[in-house]
2 protein chains.
Amino acid sequence: MRDVAALAGVSLKTVSRVVNREPGVSGDLISKVERAASQLDYRHDLTASNLRRSDRKTSTFGLIIEDVSNPFFSAVHRGIEEVARERGVAVFAASVDESPEREKDLVVAFSQRRVDAIIMTPTVREQSYLAYERRGGLVLVFVDREPRGFDADCVVTDNAAGAETATAHLLAQGHELVAFVGDDETITTANQRYLGYERAMASAATSIRPELVSREAHTTPAATREVLALLDAPNPPTAIFAAQNLITMGAVRALQMRGLQHSVALVGFDDFSMADALDPAVTVVAQDPREIGRRAAQLAFARIEDPDLPTSVHVVSSSLIRRGSGEIPPGR
Amino acid sequence: MRDVAALAGVSLKTVSRVVNREPGVSGDLISKVERAASQLDYRHDLTASNLRRSDRKTSTFGLIIEDVSNPFFSAVHRGIEEVARERGVAVFAASVDESPEREKDLVVAFSQRRVDAIIMTPTVREQSYLAYERRGGLVLVFVDREPRGFDADCVVTDNAAGAETATAHLLAQGHELVAFVGDDETITTANQRYLGYERAMASAATSIRPELVSREAHTTPAATREVLALLDAPNPPTAIFAAQNLITMGAVRALQMRGLQHSVALVGFDDFSMADALDPAVTVVAQDPREIGRRAAQLAFARIEDPDLPTSVHVVSSSLIRRGSGEIPPGR
DNA sequence: TTTCGTAATGACAACGTTATCTAATCCCGA
DNA sequence: TCGGGATTAGATAACGTTGTCATTACGAAA
């Protein structure tokens, strides 16, 4: 900037004004400065600018999600990017891989880089450690899962309601042996979805058989194993509710392996690519991850603008998409 | 930092030394400083640190890909993250959406934030505009597509060879009417894959019928339309080579719509989720996007360390995965 | 005892920018 | 002709940190 000022024959501050499009510089000088800037390959340094500026905004967000290559979370990422882009905000993205330690490391890494906000999926049992960061002015928004022990803005799917819809849909076909396959209790969404399953079963006055409940499906292969075990047991289910997209994929494989894809009903939570091209096409309760991302970003901007806003939890509703696998009747 | 120094009763410089784990500070003072730091909720400011430090490294990369929620590119992202994580580097990720203007905007946005390297998929016709950035010390690595008019490190799949393998595989089943469905010439990978298709056809002394070549499939729905047109034409193909994952998905739908999925052979370029669960399972030439990402990040680090390295193009090989759809014989 | 080398600490300037304040210039009306 | 307000430009300090150099203290060698 000093060099540009020298070449244009003006003061440093004038160059700063031109670069920041501040009013009060004559057109003559503006063009002189711009010519000098391009001649010298000048590129504005946002990090230095931020250091000095009074609002101390870096126009940067940090995003901490389960896995950047997971289709659900990458769609959330995409939604955030759409909103951030309009405001000139760049987004750091990182995967936690269900590791509490990594969650904390990432928060520190982003905080040290002075991001304006962190949008994250909590993994650590308890988020009270973030109070420290918030005191420093960092904005925190949670997506997909609500934080625990920490009051903050949050965007989630109506997990319990969606799971209830899915289960009720299977019960409405006349199924009584409806299995639940999901992840374990440490994952809040898995819990919520189990709750919805419970509610639907209770509403239909159908008792839950513990042997039809599997809560150990952490990955697609694990889900396949769990479903195979259910199918091979003495009293197999006639319908399955798979509580997450990777689990649904695993369930599809298991059903195919046993040749039961046309006889055992299946409804999955969260849509996935090619679900409509499978045979049978898979009925799902679809989330709207892109919308979740957009809302989270909007919440972050709103809070940056007014830090004293009351915290709010936004619920994005899910919708049942009937495709075939969920409409298979019992006893076929 | 000033406050920490005051509380610990030492100079600012000593705090800096402790924070950076520089040698030559007595254990006594180290613990005093650390106590003061945690008492004051002190958080090191990497942006200010970077401004002053002589190497001017921000430990930050920028990633510019087609779409963060595209499964191929999000896997590339993941690979980059794996390598970057080990070195404490945070990654900005953004989607260009095939927009040349946005590519340039993103380069500027990252450059202004003083990233150490940009890893990108080129969209603009011509990358010579980047010379400006490189003069400023920015490291540039290309992934998936080679840059044009600009010599730089690059990691690509063996597009032509993979496409040749795919096409030759179909020809080996006895097919003669092998269609090509791909994106247009502005996309270098689409070009390379068409080249491979041409080579395989030439090797088998099979002439290419222009009416079986479609190069207008930009999206999944477009691919479906193109394939339907091919199937409905007077002289339909008995086999299809789909030159990209989204196109393959579109082709699967089209074949299903016409009930031809078991009679027309299909090989796709690039694997996709659930390809093995479809009926028939889809034969593909699989790329290794995660490995592409890892290599790109490694190249970036190598060049940061030694800017005078000769530029290199790394080719990651693809592999044919036989699953069924590609092994359908002609005339069924 | 003096001198010297070494280790630990601190003072100060500087990184590239912007906020604040002051100075110069101009235009207009009285 | 002059005053006064508006407009434009510049000088200077500061943002939070680290590089450089100077200073201090201490023990060992002469």
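Here the structure is a predicted model, which means the values were calculated and not measured. Throughout, a chain's letter reflects where its sequence line sits, starting with A, and its residues are numbered from 1.
Taking atom NZ of residue A:K57 and atom C1' of nucleotide C:dT17, one finds them 17 Å apart after rounding to whole Å. What separates CG of B:L29 from C1' of C:dG10 is a distance of 11 Å, to the nearest Å.
Looking only at side-chain heavy atoms (C-beta outward), B:L299 and B:H314 come within less than 4.5 Å of each other. At least one side-chain heavy atom of A:Y129 sits less than 4.5 Å from a side-chain heavy atom of A:E103.
The shortest non-hydrogen separation linking B:T186 to B:R148 is O-NH2, 3.3 Å. The minimum heavy-atom distance between A:A94 and A:F110, with the atom names listed, is CB-CZ, 4.1 Å.
Note that CD1 of B:I119 is 11.5 Å distant from SG of B:C154, once rounded to the nearest 0.5 Å.
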Step by step, work out the side chain to side chain donor-acceptor pair (under 3.5 Å) result for B:S95 and B:D97. CA-CA 6 Å; B:S95 313; B:D97 296 322; 4.9 Å; no

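B:E126 and B:S128 share a side-chain donor-acceptor pair at under 3.5 Å.
End-to-end axis angle for the helix from C:dT1-D:dA30 to C:dA30-D:dT1, using five pairs per end and rounding to 10°, comes out at 60°.
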Contact letters for nucleotides 16-27 of chain D, in which S counts primed atoms plus P, OP1 and OP2 and B counts the base, heavy atoms under 4.0 Å: BBBBB-------

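Between B:T14 and C:dG10, a side-chain N or O to OP1/OP2 separation shorter than 4.0 Å is present.
When the options B:T157, B:V156, B:T188 are evaluated for a side chain to side chain contact (heavy atoms under 4.5 Å, CB included) with B:R145, the one that passes is B:T188.
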